Amino acid sequence: MPNYWLMKSEPDAFSIDDLKRLTQSPWDGVRNYQARNFMKEMKIDDLIFFYHSSCSPAGIVGVAKVCKEAYPDHTSWDPNSAYFDAKSTPEKPRWFMVDVAFVEKWSSILTLAELKQSPALADMVLTQKGNRLSVMPISSDEWDYITAILKK
DNA sequence: GCCAACGTTGGC
DNA sequence: GCCAACGTTGGC
């Protein structure tokens, strides 16, 4: 049984088209403890909703899956990286990442506005006011409901 | 570009 | 340990 997740990315920085082109990619740059802890829970073949944020419209654009479980994010000790954190070292890494693989890109975006309209999704982390998590769990019910919307 | 909401930092 | 100040996220 896979677990389900949602991961946000700004399409200007890394989009689902980028992932499709690369086939798979490290998910680096997460610098939030809660998001990091969720990544540490991820297992191979867990499924991920790929979400485009800070764009118009924001929403879920497709599916990816975990292809490498959590390991230290080396960009955290690279002084030339935008994600550098002086408190993270190879000996004592503070930040972790997973690798994700492309699964599918949907023919249309499932927008945040649409997700918010579904009473069945009212308890989703994503739709909660003020939520800013970039990595979050999705329940199997939510996963099934959302993927069913697409088939209508 | 605005701004609400949140997480982190650091003084005390 | 509290909490004000600050920086960031991300929808609109």
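Proteins come first, then strands; the chains are lettered A, B, ... in the order of their sequence lines, and each starts at number 1. From a predicted model like this one, the values you see are computed outputs, not experimental measurements.
Closest approach to the A:Tyr33 side chain among B:dT8, C:dG11, C:dG10 is made by B:dT8 (side chain taken as heavy atoms from C-beta onward). Of the candidates B:dT8, C:dC12, C:dG10, C:dC12 carries the atom nearest the A:Lys116 side chain, counting heavy atoms from C-beta on. Nearest to the side-chain atoms of A:Leu112 among the listed nucleotides C:dG11, B:dG7, B:dT9 stands C:dG11. Here the nucleotide nearest the side chain of A:Ala58, chosen from C:dG11, B:dC6, C:dG10, is C:dG11.
For the pair A:Leu133 CG and C:dT8 P, the computed distance is 18 Å after rounding to whole Å. A:Glu10 has its CD atom 8 Å from the C1' atom of C:dG10, to the nearest Å. Atom CZ in A:Arg31 sits roughly 14 Å away from atom C1' in C:dT8 (whole-Å rounding). Regarding A:Met124, its CE atom lies at a distance of 16 Å from the C1' atom of C:dG11, rounded to whole Å. Per the geometry, NZ belonging to A:Lys87 stands 18 Å off P belonging to B:dG7, to the nearest Å. Atoms CG (A:Asn32) and C1' (C:dG7) sit 14 Å apart, rounded to a whole Å. Atom CD of A:Gln128 is separated from atom P of B:dA4 by 20 Å (rounded to the nearest Å). As a whole-Å value, the separation of A:Glu114 CD from C:dC12 C1' is 16 Å.
Note on A:Leu126: nothing from the nucleic acid sits closer than 4.0 angstrom, heavy atoms only.
The backbone N or O of A:Phe102 sits nowhere less than 3.5 Å from a side-chain atom of A:Lys20 that would complete a donor-acceptor pair.
A salt bridge does not link A:Asp46 to A:Lys43: none of the charged nitrogens lies less than 4.0 Å from a carboxylate oxygen. Electrostatic pairing of A:Asp73 and A:Arg31 counts as a salt bridge here, judged by a charged N lying under 4.0 Å from a carboxylate O.
Dashed line: the shortest gap from a side-chain N or O of A:Lys129 to OP1 or OP2 of B:dA5 is under 4.0 Å. A close approach under 4.0 Å does occur between a side-chain nitrogen or oxygen of A:Tyr51 and OP1 or OP2 of C:dG11. For C:dG10, one of the phosphate oxygens OP1 or OP2 lies less than 4.0 angstrom from a side-chain nitrogen or oxygen of A:Lys8.
Under the 6.0 Å distance and 45° angle rule, A:Lys68 counts as a cation-pi partner of A:Tyr71.
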Report task. Please test A:Arg94 against A:Tyr33 for side-chain contact (heavy atoms from CB on, under 4.5 Å), starting from the C-alpha separation and ending with a verdict. Result -> CA-CA 9 Å; A:Arg94 172 177 288 200; A:Tyr33 290 104; 3.0 Å; yes

Query - Check against ring-ring contact (aromatic ring centres under 6.0 Å, His included), A:Trp27 and A:Phe96 - result: CA-CA 9 Å; A:Trp27 198 276; A:Phe96 288 74; over 10 Å; no

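The terminal axes of the helix from B:dG1-C:dC12 to B:dC12-C:dG1, fitted over 5 pairs per end, subtend an angle of 10° to the nearest 10°.
A:Asn32 CG: more than 12 foreign heavy atoms inside a 6.0 Å radius.
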